[in-house]
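Structure first, commentary second.
To find a chain, count down the sequence lines: A is the first, B the second, and so on, and within it residues start at 1.
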Amino acid sequence: MTTPTSNGGAVRVRFCPSPTGSPHVGFARAALYNWAFARHHGGTFVFRVEDTDKERSTEESYDGMLGAMRWLGLDWDEGPEVGGPHAPYRQSERTELYADVLEKLAASSYTYDCFCTTDEVTARRKAAGSKVQGYDGFCRDLSAEQRSAFEAEGRSSVVRFRMPDGAVTWHDLVRGEVTFETEFVPDFALCRANGDPLYTLVNPVDDALMQITHVLRGEDLLSSTPRQIPLHQALVDLGFSQQVPQFGHLPLVMGEGNKKLSKRDPQAHLFMYRDAGFLPEGVLNYLALLGWAIAADRDVFTLEEMVEKFDISDVNPNPARFDLKKAEAINADHMRMLSVDELTHRVLPHLKEAGVVGDPVHDADAQLLELAMPLVAERMNKLTEAAPMLGFLFADEESFERQELVDDAGRDVVRAARDALAAIEHWSTAEIEAVLRQTLVDELGLKPRLAFGPVRIAVSGRKISPPLFESMELLGRDRSLARLDGALVEEPA
RNA sequence: GCCCCGUUCGUCUAGUGGCCCAGGACGCUGGCCUCUCACGCCGGAAGCACGGGUUCGAAUCCCGUACGGGGUACCA
């Protein structure tokens, strides 16, 4: 069990993407785990935007992040648009806060000014034959004379955090005990020479200021943790916070070729799944499976069930490959969990998009859709599949086109079907089936498959369609007969 | 290179010393159902990286090797 807050207080977690590019599946998975953890513990879910990199952050991306969260249905208690006691929640609007922290850190010698260039550092490392990369602490204890000499040269400086000696150890919520010797963790820069704060400062500072108790993030940030823990301890010492948060590092989501799924990979983009007709609950369920299992023999569940069962200590530490086939299968299960009404509601935008129905929808089409959906509900794996499946029911005779044509042998079948159908008294599924079976199967002696195949093509235009007799009932006598006639007129390819 | 993390069927996982000659799911595959396609149902092939320990007993604990991944910025 994990309820552990070191201060015995309420759980506060955060999700803090940087608005660069479009949201990807790793983003969604990290958001989901944080959200589920917060909800499971009845805690607070904070949404923060890390837009300190002015070069790469865009407003478009910011909108995408919020849109993604909303589409997924992961609601936040504090953050953009909802506010909260620690507002603002965009780092670009918090610069004074960071300046204040920086000042106090410097006053207590937790930091120092560094005048070195990157080239100088690497040259020194090389000359010393050091295996360790990164800053060597050259400016740690500059005298006043040395400082003024550098300044006289016109050098600019960055602020560096003074890493303590020894080792940093923490109990990772996912991995257990992790230790880094600080000799391998160089003093790091907290802000640029121009004073702009960096992630290295801003991320822990906001976690401290926002009283975050648990930091759940990707494994790619594991090696920044030994830097953040001493910084957090300094912030506690200076009274900015009461505790160092607990950390848990989630397995990365890998793409093809076993590399971390990058924004370059089309499979990585969350909205691709939305546009392809995935359900948010399907995507979420699949993503949850990448590193976590609700039970030994189950992998389809609702968000509510996940909230009830989610335990961060059950998360599997190894990286997981994203498998589209399984994602589709899980999504398909969620499609079938929806009521027909709900499914209809979700399918509608895709039908409009495909031009199957108008926007707004005519009453007649809405009624037809209500009758047609039960026929295809359990046949769909994605919302976008509705349009090709149902299109023939909504198409008028002018715009209707067959994807397949009836062959010569089939034409006789269609002709026989047409004549028999024309004599039906009550146009209903049962009657249609009875008549067709009698004339085609009993009288002509055809196998059902061969008997109904040509009729199916004539009516729906496809070899594969929703159930034939029901479809014909919905289409009505006149249009059904017109379709049969139409198929006889068309020239076989 | 160095540091850190990881390693159960093709893939995602269950498994925390005996219940495991390893369970589920996707995919693959044989069959049933059937007006097509799906759904559903029944069956099959497929895995504890390797080597040493510890133990009466190891997929499970320890060490090493190999392999994979992440990091190594005045990005996040």
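- Distance noted for atom C1' between C35(B) and C19(B): 49 Å (whole Å).
- With C1' as the reference atom, G6(B) and A45(B) are 29 Å apart, rounded to whole Å.
- Pairs passing the salt bridge (Lys or Arg N to Asp or Glu O under 4.0 Å) check and including a residue from residues 187-196 of chain A, sequence neighbours excluded, read K54(A)-D196(A), R140(A)-D187(A).
- Here salt bridge (Lys or Arg N to Asp or Glu O under 4.0 Å) pairs that include residues 434-446 of chain A, with residues two or more places apart or in two chains, are E433(A)-R437(A).
- Every residue meeting the side-chain contact (heavy atoms from CB on, under 4.5 Å) condition with T200(A), not counting sequence neighbours, appears here in chain and number order: F188(A), L190(A), L198(A), R227(A).
- Figure legend. C39(B) is base-paired to no nucleotide; pairs are counted as Watson-Crick or G-U wobble with both atom distances under 3.5 Å.
- Salt bridge D299(A)/K326(A): present, at least one basic N to carboxylate O contact under 4.0 Å.
- For the C1' atom pair drawn from U16(B) and A58(B), the interatomic distance equals 12 Å after rounding to whole Å.
- Within the 4.0 angstrom heavy-atom criterion, no nucleotide atom of any strand lies near S130(A).
- A cation-pi arrangement is found for R483(A) relative to F400(A), the charged atom lying closer than 6.0 Å to the ring centre and inside a 45° cone about the ring normal.
- In this structure, the CG atom of L290(A) is 10 Å from the C1' atom of U13(B), given to the nearest Å.
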Report, as a single string ordered 5' to 3', how protein heavy atoms within less than 4.0 Å touch nucleotides 22-36 of chain B: B base, S sugar-phosphate only, - not at all. -BSBSS-------BB

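- Residues satisfying the salt bridge (charged side-chain N to carboxylate O under 4.0 Å, His left out) test with E50(A), not counting sequence neighbours, are R48(A).
- Of the nucleotides present, none pairs with U34(B) by Watson-Crick or G-U wobble criteria with both distances under 3.5 Å.
- G15(B) atom C1' lies 12 Å from atom CG of D314(A), rounded to whole Å.
- The minimum heavy-atom distance linking M69(A) with A31(A) is given by the pair SD-CB, 3.8 Å.
- A gap of 29 Å separates the C1' atoms of U54(B) and U13(B), to the nearest Å.
- The same atom, P, is picked in A38(B) and in C32(B); the two are 15 Å apart, to the nearest Å.
- Evaluation of the side-chain contact (heavy atoms from CB on, under 4.5 Å) rule for P280(A) yields W71(A), R346(A) as partners, not counting sequence neighbours.
- Across the protein-nucleic acid pair, Q267(A) atom CD and C12(B) atom P stand 13 Å apart, rounded to whole Å.
- C39(B) atom C1' lies 6 Å from atom CZ of R336(A), rounded to whole Å.
- For F184(A) and G1(B), the CZ to P distance is 15 Å, given to the nearest whole Å.
- Residues that satisfy the ring-ring contact (aromatic ring centres under 6.0 Å, His included) test with F150(A), not counting sequence neighbours, are F115(A).
- Pairs passing the ring-ring contact (aromatic ring centres under 6.0 Å, His included) check and including a residue from residues 431-471 of chain A, sequence neighbours excluded, read F452(A)-F469(A).
- Note: CE (M380(A)) to P (C39(B)) measures 14 Å, nearest angstrom.
- Using a 4.0 Å cut-off, some side-chain N or O of N318(A) falls inside it from OP1 or OP2 of U8(B).
- Using atom P as the reference point in both G24(B) and A14(B), the two lie 15 Å apart (nearest Å).
- The base-pairing partner of C50(B), taking Watson-Crick or G-U wobble contacts with both distances under 3.5 Å, is G64(B).
- Residues satisfying the salt bridge (charged side-chain N to carboxylate O under 4.0 Å, His left out) criterion with D113(A), sequence neighbours excluded, are R147(A).
- The only member of D207(A), T225(A), I212(A), V215(A) that meets side chain to side chain contact (heavy atoms under 4.5 Å, CB included) when paired with H232(A) is D207(A).
- The gap from the C1' atom of C75(B) to that of A49(B) amounts to 35 Å, rounded to the nearest Å.
- OP1 and OP2 of U8(B) both lie 4.0 Å or more from every side-chain N or O belonging to N316(A).
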Listed pairs, N/O of protein and of nucleotides 19-21 of chain B, under 3.5 Å:
none

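- Residues passing the salt bridge (charged side-chain N to carboxylate O under 4.0 Å, His left out) test with R155(A) are E120(A), E153(A), sequence neighbours excluded.
- When the C1' atom is used for both G23(B) and A59(B), the distance is 13 Å, rounded to whole Å.
- Between the CE atom of M389(A) and the C1' atom of C39(B) there is a distance of 11 Å, given to the nearest Å.
- Rounded to an integer number of Å, the gap from E328(A) CD to C12(B) C1' is 15 Å.
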How would nucleotides 62-76 of chain B be written as a contact map, 5' to 3', with B for base contact, S for sugar-phosphate-only contact and - for no contact, using protein heavy atoms under 4.0 Å? ------SBSSS-BBB

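- Pair check for C2(B) finds G71(B); Watson-Crick or G-U wobble, both atom distances under 3.5 Å.
- Residue G291(A) is in sugar-phosphate contact alone, with no base atom involved, counting any heavy-atom pair closer than 4.0 Å across all strands shown.
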